[in-house]
Amino acid sequence: MPERICVGAIAGAFGVWGEVRLKSFTSQPNDIAAYGPLWSEDGTRSFTVRLTRPVTGGLGARLSGVDTREAADALKGVTLWADRDRLPSLPDDEFYHTDLIGLSVYDTGGAPIGKVHAIYDHGAGDILEILGPGRRQPLLLPFTRAFVPTVDLSAGRIVADPPEEEGDA
């Protein structure tokens, strides 16, 4: 499991005094400020976060060491990572996306389907993108108990029950 987990991204400058617009990837957006310090993906920079106000498309925030609009603009696109041990424990049926990516996926009969490549959330629930050998297109599978009855992080595998695909028979 990764030592750090991506919890947000800097969407750009907000205002003229170094405030930034943050996109929070946490279930409760304001929680992003509680997991600090937050790190750049490469680990070379760390920031303490003080939320200032809600803004269109995210949260306004002040980051330590960022005092000008130019400095805030230079951080646009930087992802923010929290130490895993600073994040809350999850119930047994909830998972951090980063822990699912790369897991092998098998059907209920034990045949390999592929690996989780990405996870998307468009508002109606998570969708797993599964890539595998012999697939012309990725399999997009709702991350619900009906389609994904088993997630075994310790074994590094997921058991899925995908609907029958066109062309199968």
Intermediate values then yes/no, side chain to side chain contact (heavy atoms under 4.5 Å, CB included), I127 and F143: CA-CA 5 Å; I127 303 288; F143 190 48; over 6 Å; no
Calculate, to the nearest 0.5 Å, the distance between atoms CG and CG belonging to L51 and N30 respectively. 5.5 Å
Going only through I, L, V, M, F, W and Y residues with side-chain contacts under 4.5 Å, is there a path from L38 to L87? yes
Taking all non-hydrogen atoms of both residues, which atom of P162 and which atom of L139 are closest, and how far apart? CB-CD2, 4.1 Å
Please walk me through it: do L63 and L75 pass side chain to side chain contact (heavy atoms under 4.5 Å, CB included)? CA-CA 10 Å; L63 304 179; L75 294 172; 4.2 Å; yes
Report the residues that fulfil side chain to side chain contact (heavy atoms under 4.5 Å, CB included) with A34, sequence neighbours left out, ordered by chain and then residue number. none
Verify same cluster id: V105, L153 (apolar side-chain graph, 4.5 Å): yes
Closest non-hydrogen contact found for Y106 with I113 is C-CD1, 3.7 Å
Keeping the roles fixed (side chain from R135, backbone from I130), state whether a donor-acceptor pair exists under 3.5 Å. no
Check whether F14 and L59 end up in the same hydrophobic cluster, where Ile, Leu, Val, Met, Phe, Trp and Tyr are linked by side-chain heavy atoms less than 4.5 Å apart. no
Under 4.5 Å between any side-chain heavy atoms of D126 and H97, yes or no? yes
With a 3.5 Å distance limit and no angle check, can you tell me whether D83 reaches the backbone of R86 through a side-chain donor-acceptor pair? no
Passes side chain to side chain contact (heavy atoms under 4.5 Å, CB included), V159 versus D107? Steps please. CA-CA 6 Å; V159 175; D107 69 17; over 6 Å; no
Nearest heavy-atom neighbours spanning Y96 and P88: OH-O, 2.6 Å
Does any donor atom in the side chain of D152 or T150 lie under 3.5 Å from an acceptor atom in the other side chain? no
Can you name the salt bridge (Lys or Arg N to Asp or Glu O under 4.0 Å) partners of D121, sequence neighbours left out? none
Polar side-chain atom of T98 near backbone of I5 as donor-acceptor pair, under 3.5 Å: no
Worked verdict on L22 versus V20 for side chain to side chain contact (heavy atoms under 4.5 Å, CB included): CA-CA 6 Å; L22 285 183; V20 297; 4.1 Å; yes
Between CZ on residue R21 and CD1 on residue I10, distance to nearest 0.5 Å: 12.5 Å
What pairs of residues pass the salt bridge (Lys or Arg N to Asp or Glu O under 4.0 Å) test when at least one of them lies in residues 7-16, not counting sequence neighbours? none
Exercise: identify the closest heavy-atom pair between R145 and D93: NH2-CB, 3.5 Å
ILVMFWY network linking I158 to L131, side-chain heavy atoms under 4.5 angstrom: no
Any link between Y120 and F95 through a network of hydrophobic side chains (Ile, Leu, Val, Met, Phe, Trp, Tyr) touching at under 4.5 Å? no
Is a side-chain donor or acceptor of R62 paired with a backbone partner of W17 at a separation under 3.5 angstrom? yes
Basic-acidic side-chain contact under 4.0 Å: D99, R84: yes
Pairwise salt bridge (Lys or Arg N to Asp or Glu O under 4.0 Å) hits with a residue in residues 43-61, at least two apart: E19-R53
Using side-chain heavy atoms (C-beta onward) and a distance below 4.5 Å, is W39 in contact with L80? no
Heavy-atom pair with the smallest gap, counting every atom of S24 and I32: OG-CB, 3.7 Å
Minimum heavy-atom distance between A146 and D161, given as atom pair plus value: O-CB, 4.0 Å
T44 meets the side chain to side chain contact (heavy atoms under 4.5 Å, CB included) criterion, sequence neighbours left out, with S40, D42
Check whether any side-chain N or O of S64 sits under 3.5 Å from a backbone N or O of T48 as a donor-acceptor pair, and report yes or no. yes
Quick one: salt bridge (Lys or Arg N to Asp or Glu O under 4.0 Å) partners of R136, sequence neighbours excluded? none
With rounding to the nearest 0.5 Å, note down the distance linking CG in L100 to NZ in K115. 13.5 Å
